[in-house]
Amino acid sequence: MSDTTKYVLDEERLPSTWYNIAADLPKPLSPVIHPGTGQPIGPDDLAPLFPMALIAQEVSSDRDIEIPEPVRQVYRMWRPTPLIRARNLEKALDTPAKIYYKYEGVSPAGSHKPNTAVPQAFYNKDAGINKLTTETGAGQWGSALAFACAHFGIDLDVFMVKVSFEQKPYRRALMETYGARCVASPSSETNAGKTILAENPNSPGSLGIAISEAVEVAATNDDTKYSLGSVLNHVLTHQTVLGKEAVEQMEMTGNWPDILIGCTGGGSNFSGLVNPFLGKQLNGGPKIRVIAVEPAACPSLTKGKYAYDFGDTGHLTPLVKMHTLGSTFVPPPFHAGGLRYHGMAPLVSHLQDLGLIESRAYHQTECFAAGVQFARAEGIVPAPEANHAIKAVVDEALVCKEAGAGRTILFNLSGHGHFDMQAYTDYFAGKLTDQSYAEEELAMALAGLPAIAAE
Ligand SMILES: *Cc1c(COP(=O)(O)O)cnc(C)c1O
């Protein structure tokens with residue numbers, strides 16, 4: 001075999017469809033429930049928030065969903081993205097494992113998030129919408145949607161979790177450069193924000209609170225819709241553009257992955273990579289071990305309850321069945337801001353329930369150690385979120401070394417860390433500590449789960 005390191009697809013191999021795993025699930029997803037009626041919601045219930053094209057994708061069971069040509073045109077600015085063999089990391093670990101990564105940091109915003117930001121902006125514009133709201137934690141999603149809205153000529157208000165607003169001025173500057181307005185959340189612009197501020201004027205904010213604010217603005221303004229960067233089925237489907245490319249690229253390498261690894265915040269970059277491979281497995285292809293990696297300080301898949309819950313703290317969203325820490329759970333501050341959501345995508349939760357994937361959690365300092373090792377070997381400085389995936393890759397490669405087994409590992413390097421260098425500085429200064437959530441707070445948040453006859 002050749003010693004090729006980088007596998008690049010020609011522009012004409014850019015996928016023309018997204019893959020919707022709902023078509024191949026052995027058991028369908030549980031329905032989304034209206035909190036008032038306790039009944040499954042219909043498309044009209046979501047119409048104030050999303051354009052019909054996205055609602056249709058949310059409930060679709062079509063296997064292949066066409067990527068509109070205007071979306072493909074924007075994708076071509078950075079797609080197809082490279083798949084790279086991490087030969088130097090393999091050497092550094094002295095492992096017989098073959099390690100490959102799909103690199104999504106080459107997008108304008110520096111992560112996988114534009115893969116869904118662009119189609120979401122497109123479908124809204126196509127439906128005549130000129131204004132969107134959203135939330136952002138560390139600012140990755142806000143900057144991806146700001147880029148997409150700039151392209152399609154849509155105004156964007158971003159509610160940014162207050163601690164990040166204060167700690168990450170460069171992500172905010174990036175959103176403003178693309179023309180978005182960025183508001184620290186909780187804010188006094190919404191009832192949801194005012195309620196939180198009345199209880200705690202110094203609230204650091206959370207994704208759950210910021211979602212409430214963004215949803216409230218969209219629900220109460222006819223000309224405004226809402227956009228979410230992860231968790232929902234259509235978001236995960238959009239991300240499969242990266243996994244479909246990776247399937248082709250793995251075919252080019254002559255190796256099929258034995259192990260797939262991705263970090264999970266809401267589950268979108270993970271699903272984007274693994275769903276197309278799982279689709280092959282569900283249709284008779286080889287069985288793959290799939291590992292979702294989450295932060296120990298916000299462990300929805302490994303410690304959460306699989307139950308119906310609200311997507312936001314203010315309880316404005318419908319109820320979805322997911323692994324959840326409770327909608328009022330506020331994780332302790334740690335640096336992978338993109339992994340601080342109280343729930344996990346219903347689709348990822350369902351895959352775990354079906355035994356198709358496994359999950360594990362790591363603390364942040366061990367993840368940074370793995371990320372630094374990766375940067376020194378491969379040259380790319382990973383986003384703190386992606387360091388979680390890398391930690392699992394390193395551990396699995398070392399298992400291979402002990403077993404003398406040359407397994408093939410593929411992971412998603414979901415973004416670069418160029419806007420997160422303060423986190424690296426803190427790590428080198430020994431200021432990063434492993435955060436644990438308060439058990440009482442988790443118990444309280446779980447006790448507050450809505451009473452719904454599950455299933
Ligand atoms: C937002 C983000 C994540 C986590 O979100 P998912 O929806 O779980 O993918 C992971 N990596 C990076 C680089 C991010 O920006």
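The analysis underlying the following values was restricted to heavy atoms, covering all of them including side chains, and did not include hydrogens, waters or symmetry mates. Order of listing sets the numbers, starting from 1, for every ligand and every atom in it.
Polar contact with ligand 1: present for Gly267 (N/O pair, distance under 3.5 Å). Considering backbone and side-chain atoms together, Ala386 places no N or O closer than 3.5 Å to any N or O of ligand 1. Some N or O of Ser230 is nearer than 3.5 Å to an N or O of ligand 1, by distance alone. Checked by distance only, ligand 1 and Gly266 come closer than 3.5 Å through their nitrogen or oxygen atoms.
The local environment of CZ in Arg407 is sparse, with at most 12 non-hydrogen atoms from other residues, nucleotides or ligands closer than 6.0 Å. Within 6.0 Å of the NZ atom in Lys431, the count of heavy atoms belonging to other residues, nucleotides or ligands does not exceed 12.
Atom 8 (O) of ligand 1 has Gly265 N, 2.7 Å as its closest protein atom, hydrogens excluded (heavy atom only). Of the protein's heavy atoms, Gly338 O, 3.4 Å lies nearest to atom 4 (C) of ligand 1. With hydrogens left out, the protein atom closest to atom 13 (C) of ligand 1 is Ser414 OG, 3.4 Å, a heavy atom. In terms of protein heavy atoms, atom 15 (O) of ligand 1 is closest to Lys113 NZ, 2.6 Å.
Under 4.0 Å is where a charged nitrogen must lie from a carboxylate oxygen, and between Glu90 and Arg85 at least one such pair does. With respect to the salt-bridge test (charged N to carboxylate O, under 4.0 angstrom), the residues Arg72 and Glu66 do not qualify.
Each side-chain hydrogen bond (donor to acceptor under 3.5 Å, both in side chains) pair with one or both residues in residues 364-383, not counting sequence neighbours, appears once here: Thr365-Asp434.
Both cation-pi conditions hold for Lys391 and Tyr362: the charged atom is under 6.0 angstrom from the six-membered ring centre and inside a 45 degree cone around its axis.
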